[in-house]
Amino acid sequence: MYWSKLFIPTLREDPAEAEVASHRLLLRAGYIRQLAAGLYNYLFLAQRSILKITQIVREEMDAIGAQEFYLPGLNPAEVWQESGRWDVMGDNLFRLKDRNGRDLCLGMTHEEVMTSIARGELRSYKQLPQIWYQIQTKFRDEPRPKSGLLRTRQFIMKDSYTFDLTPAGLDAAYEKHHKAYCRIFDRCGLDYVVVEAHSGAMGGSQSHEFMVVSDAGEDFVVKGPNYAANLEKAVSVAKPPAAADPEGDHEPEEFHTPGKKTIADVAGFTGLPETSQMKSLVMVADGKVVLVMVRGDHQLSETKFGSVTGATDIRAAHPEEIREHFGADAGSLGPVGVKIRILADEALRGRRNMIAGANKNDHHLRNVTPGKHFQCEFHDLRQAVEGDTSIVDGSPLTVHKTVEIGHIFKLGYKYSESMGLKVLDESGKEVTPIMGSYGIGIERILCAAVELFNDKDGIVMPPSIAPFTLVVTPINFSDTAQNKAATEIYEAAKSLGLDAILDDRDERPGVKFKDADLIGIPYRITIGKKLAQGFVEVVDRRTKTSTDVAVAEAASFVKARLAENTK
RNA sequence: CGGGCUGUGGCGCAGCCUGGCUAGCGCGCUUGCUUGGGGUGCAAGAGGUCCCGGGUUCAAAUCCCGGCAGCCCGACCA
């Protein structure tokens, strides 16, 4: 293609609205333009990259025997009501009515629709297993779209669904997806980590997320040499307390702590570290008030709290509720003498003679021992922190901000059961197939690549997903010799199957170089001064290294380089 | 849903506090010449409901009220 004929609206300056690198650069490089909050127009360059990404996804999905479908994005309310998600999804689901007043929604995912196909058609165990997928636009009415293409209200997802007769079959389907996802993200040139994840509102037993470490992300991952998990789910060994507990069997003893409300205040006041205190948190789980105890320096994980209580509606208690149950305000609360359910974090097991609130404003207790002075259920309830050590091998753990690019779930029977999917097994008995669901955020692959690979000049796009792999840049296209050489090289590149673009614009060389760098075309062949000696230059976008090559060999040289880099 | 900020030619911004000439600057765009290895130089041009509605005033981009939109932080989030 000839650049002068294309619509590649690059910007000389950074757009004011864009913060994160991918948003800023995709706008500047002319890949995308915003239509409204969380809605983007994908222009020529973005569309080319997206097509390359989806092609890789297709090839790898097909390689595990998955079959591509294409389902409606517009869904009837009925199927969502059957699964219960019509209510569960709340405002995140785009809802609308047709002219007859029937309720419809725009699909956020397609478990319901896939299951509705399956229950109408799958009747025998002989038809299992099945792997069905699609690459489709999804809609979510995000409370806050942000960071360009990272969190939008409309986006493209590859979503697949598996139907198996047995849990072992599901394990196999899950494993296939795990491997296919690794191949997909490898081929897209990304650095990523696979982490244990919380299955959230999806239900199901096991789940892994594919994460790219980036400050633009919104999730946190806890990572060690042999362990990686989403922060929501991560289990770790806490740092030992900074001071040993006092010896002996003491009884709680009240002392005055005027105005000392926070853990830090009390630590300063008593001269004892935060690890010697218990933090009392009052939570409301599905309407029931629960007291949660964690070590002074720890944070409660609401996700873990939700898993332990099984509650779906979780919040911190209001000040009035606290006063009603404790007779004191936050900052002076403790577990002694409390009548409600008490949960305690594992890090408090075996501790003794600690400090806690006295349930009397401006007073605390010392010598409080869990299990002795108050009864509680011990669970893993705290959020892991940097500095904790691994439960696997004791090595130190680090916490990283990440972008989620893929997620695989063992769904279990949630949808097949609620929607009545049944097949006959070998003995003629009706059985409910077990399902899995697996997603990849297509735009997030693009964003993650930009986040991961950019420099002061712009995007350093991995060749496999770059909109073009090669730009042929004559310094002066109206020079007859340069024009001829450039055209020859461009044609040669095309016949070698390279995705080439010829920069035939009547622009200064600087402009052409800047644009090519900004867009992130992996290779550039510059045709200029050295043409008199029969040479052109091949420049690598990533390393900025330049190699002189004879005109006739230029295209095949790039092809060889490309093959090397994608090994 | 709470908090903060911003809306002025395509983009980036100034002007607003202290109301008053024809609304300005840089980039981009058009035409001509020029230049030709990292956003060339000169000249001439085109392009604006100053987010919208109402109010105050002789006079509003500017002050007041009410909307809307966008961005950021938090909450939320397969």
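Residue numbers start from 1 in every chain, and the chains themselves are labelled A, B, ... in the order their sequence lines are given, proteins ahead of strands.
- A salt bridge links K146(A) with E218(A): the distance from a Lys NZ or Arg NE/NH1/NH2 to an Asp or Glu carboxylate oxygen falls below 4.0 Å.
- Here the separation of rA59(B) from rC13(B), taken at their C1' atoms, is 27 Å to the nearest Å.
- Comparing the P positions of rC29(B) and rG10(B) gives a spacing of 15 Å, expressed to the nearest Å.
- Nucleotide rG74(B) holds its P atom 14 Å from the CD atom of Q299(A), rounded to whole Å.
- Side-chain contact between Y70(A) and I135(A) is absent, with no heavy atoms from C-beta onward closer than 4.5 Å.
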Could I get a table of every N or O pair under 3.5 Å where one atom is in the protein and the other is in nucleotides 35-37 of chain B?
residue	atom	partner	partner atom	Å
rU35(B)	O2'	R508(A)	NH1	3.0
rU35(B)	O2	R508(A)	NH1	2.8
rG36(B)	O4'	R508(A)	NH1	3.4
rG36(B)	N1	D506(A)	OD1	3.4
rG36(B)	N2	E507(A)	O	2.8
rG37(B)	O6	G528(A)	N	3.3
rG37(B)	O6	K529(A)	N	2.8
rG37(B)	O6	E537(A)	OE2	3.2
rG37(B)	N1	E537(A)	OE1	3.3
rG37(B)	N1	E537(A)	OE2	2.6
rG37(B)	N2	E537(A)	OE1	2.5

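- Scanning residues 22-32 of chain A for heavy-atom distances under 4.0 Å to RNA chain B yields R28(A).
- Aromatic pair Y438(A)/Y133(A): ring centres not closer than 6.0 Å.
- One interatomic measurement links the two molecules: CD1 of I314(A) to C1' of rA75(B), which rounds to 14 Å at whole-angstrom precision.
- M89(A) has its CE atom 10 Å from the C1' atom of rC77(B), to the nearest Å.
- Look at K138(A) and D159(A) and you find a salt bridge, because one of the NZ, NE, NH1 or NH2 atoms lies within 4.0 Å of a carboxylate O, short of that distance.
- Residue Q34(A) places its side chain closer to rG70(B) than to any other of rC73(B), rG70(B), rC77(B).
- Between atom OG1 of residue T10(A) and atom CG of residue L25(A) there is a gap of 12.0 Å, rounded to the nearest 0.5 Å.
- Checked for salt-bridge contact, R28(A) and D14(A) meet the test: a charged N lies under 4.0 Å from a carboxylate O.
- Ionic pairing of K233(A) and D380(A) is not present here: no N-O contact between side-chain nitrogen and carboxylate oxygen is shorter than 4.0 angstrom.
- For RNA chain B, each stem of at least three Watson-Crick or G-U pairs (distances under 3.5 Å) is given as range with range: B:1-7 with B:68-74, B:10-13 with B:24-27, B:29-33 with B:41-45, B:51-55 with B:63-67.
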Summary of protein contacts for nucleotides 7-13 of chain B, nucleotide by nucleotide, where a base hit scores B, a sugar-phosphate-only hit scores S (4.0 Å, heavy atoms): ----BSS

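- With Y174(A) as the aromatic partner, K410(A) meets the cation-pi criteria of under 6.0 angstrom to the ring centre and within 45 degrees of the ring axis.
- Here the side chain of A37(A) is nearest to one of rC71(B), rA75(B), rA78(B), namely rC71(B).
- Contact check for V235(A) versus Y227(A): side-chain heavy atoms found under the 4.5 Å cut-off.
- Note: CD (E142(A)) to C1' (rA78(B)) measures 11 Å, nearest angstrom.
- Remark: S147(A), R151(A) in residues 147-160 of chain A come within less than 4.0 Å of RNA chain B through at least one heavy atom.
- As a whole-Å value, the separation of R541(A) CZ from rG38(B) C1' is 12 Å.
- Using atom P as the reference point in both rG48(B) and rC68(B), the two lie 29 Å apart (nearest Å).
- Under the 4.5 Å side-chain criterion, counting only non-hydrogen atoms from C-beta, V294(A) is not in contact with Q299(A).
- In this structure, the side chains of W3(A) and K512(A) stay at 4.5 Å or more apart for every pair of heavy atoms.
- Rounding to whole angstrom units, CE of residue M108(A) and P of rC76(B) are separated by 16 Å.
- If you take atom C1' in rC25(B) and the same atom in rC50(B), they sit 15 Å apart, rounded to whole Å.
- Residues R140(A) and R144(A) both approach RNA chain B. Their nearest nucleotides, taken by heavy-atom distance, put R144(A) toward the 5′ side.
- Annotation: side chain of E404(A) is not in contact with side chain of N230(A) (no heavy-atom distance under 4.5 Å).
- In this structure the side chain of E209(A) reaches within 4.5 angstrom of the side chain of H407(A), judged on heavy atoms.
- In this structure, V222(A) and F220(A) have side chains that are not in contact, with every pair of non-hydrogen atoms separated by 4.5 Å or more.
- Atoms CG (D219(A)) and P (rC76(B)) sit 13 Å apart, rounded to a whole Å.
- Comparing rA75(B), rC72(B), rA78(B) by their nearest atom to the side chain of P143(A) picks out rA75(B).
- Between rG12(B) and rU6(B), the two P atoms lie 16 Å apart (nearest whole Å).
- Using the six-membered ring where Trp is involved, F210(A) and Y192(A) have ring planes that are tilted, between 30° and 60° apart.
- Salt bridge E321(A)/R315(A): present, at least one basic N to carboxylate O contact under 4.0 Å.
- Across rA44(B) and rU49(B), the matching P atoms stand 26 Å from one another, rounded to whole Å.
- Nucleotides rG38(B) and rG32(B) are separated by 26 Å at their P atoms, to the nearest Å.
- Taking the ring centroids of Y40(A) and H23(A), they lie under the 6.0 Å cut-off.
- Atom NZ in K529(A) sits 15.5 Å away from atom CZ in F535(A) (nearest 0.5 Å).
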Short N/O separations, protein against nucleotides 41-47 of chain B, under 3.5 angstrom:
none

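- With contacts defined as side-chain heavy-atom distances shorter than 4.5 Å, the pair I459(A)/Y31(A) qualifies.
- Rounded to whole Å, the distance from NZ on K414(A) to C1' on rA78(B) is 11 Å.
- Under a 4.0 Å N-O distance rule, the pair R119(A)/E82(A) qualifies as a salt bridge.
- Here D91(A) lies out of heavy-atom contact (under 4.0 Å) with every strand.
- On the P atoms, rG54(B) is 41 Å away from rU31(B), given to the nearest whole Å.
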